[in-house]
2 protein chains.
Amino acid sequence: MTVAEKTIGCVKAATDILGDKWTPQLLRFFANEESLRFCQLQDLVGGINPRTLSARLTHLETAGIIEKTTNESSTRCDYRLTKKGTALLPIIRDMERWSSHYETV
Amino acid sequence: MTVAEKTIGCVKAATDILGDKWTPQLLRFFANEESLRFCQLQDLVGGINPRTLSARLTHLETAGIIEKTTNESSTRCDYRLTKKGTALLPIIRDMERWSSHYETV
DNA sequence: CCGAATCCAAAGCGATACTG
DNA sequence: CAGTATCGCTTTGGATTCGG
């Protein structure tokens, strides 16, 4: 495996997450709220359908970016960022900075 | 437009670029070589078909991330990063760092 | 050498309805 | 509340061929 190929694989791990539609937005909401539930995310994002939201959360949980806490005494469950997920926030902010600086929106 | 929606749009501008397959790799090669031709990129990436490579280059050029220089005296043309494109490299490197730190590859 | 044109398979995503 | 099931459209990207 060449250095270039190894580099490629590393980029891919991040873009696999950040390249998905809705995912950067979802992570931003966790930055503010710390703990969120399914329907809260649904309301915050506005327009995402449950099928897609479920897929995103599963993906993020599998990747170790968020963790799910099911409350025994109710049907509620909370999602919150892991350390790995929190470490992703500065990158998202840099992407925003880059966009707002160069993009003429 | 809410603050959240504006934020979303800003992230989108960056993920529209970095979320595309092959694109982060392509940009990394420009970081090393400064100026590259179509067939060079084809060889470096290895496995990308001309249709897709062409689409990526067009997208990047339209977004102002690379610029194309057609040499009059031949059929060759060079692609190189703009300042906007160069400003994207640190973000890609951060993504690599994040991946290699948290990912158990 | 640098692509554009065509064709096709696979994946992504939304709308809606339904379940524990 | 927290999802899953089904369906079908739209987009993406690969294979291949051809032209300037």
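Atoms considered below: every heavy atom in the structure, side chains included; atoms not considered: hydrogens, waters and symmetry mates. In what follows, chains are A, B, ... by sequence order, proteins preceding strands, each numbered from 1.
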D:dT12 phosphate, OP1 or OP2, under 4.0 Å from B:W22 side-chain N/O: no
Please collect all salt bridge (Lys or Arg N to Asp or Glu O under 4.0 Å) contacts where either partner lies in residues 31-47 of chain A, sequence neighbours excluded, each pair once. A:E34-A:R80
Counting side-chain heavy atoms from C-beta on, which of D:dA2, D:dG3, C:dC2 comes nearest to A:R76? D:dA2
So does A:Y79 get a side-chain nitrogen or oxygen closer than 4.0 Å to the phosphate oxygens (OP1/OP2) of D:dC1? no
Considering only residues two or more places apart or on different chains, which pairs with a residue in residues 13-24 of chain A satisfy side chain to side chain donor-acceptor pair (under 3.5 Å)? A:K12-A:D16, A:D20-A:H59
Report the nucleotide, chosen from D:dG3, C:dC1, D:dC1, that has the shortest atom-to-atom distance to any side-chain atom of A:K68. D:dG3
How bent is the helix from C:dC1-D:dG20 to C:dG20-D:dC1, comparing axes over its five end pairs at each side, to the nearest 10°? 50°
Which of residues 52-66 of chain B have a heavy atom under 4.0 Å from DNA chain C? B:S54
Whole Å only: how far is the CG atom of B:N49 from the P atom of D:dG14? 6 Å
So, using side chain to side chain donor-acceptor pair (under 3.5 Å) as the criterion, who are the partners of A:D78 when residues are at least two apart? none
B:K21 side chain: which of D:dG14, D:dT16, D:dG3 is closest? D:dG14
Within the sub-3.5 Å range, which N or O atoms of nucleotides 6-8 of chain D have a protein N or O partner, and how far apart are they?
| residue | atom | partner | partner atom | Å |
| --- | --- | --- | --- | --- |
| D:dT6 | O4 | A:R51 | NE | 3.4 |

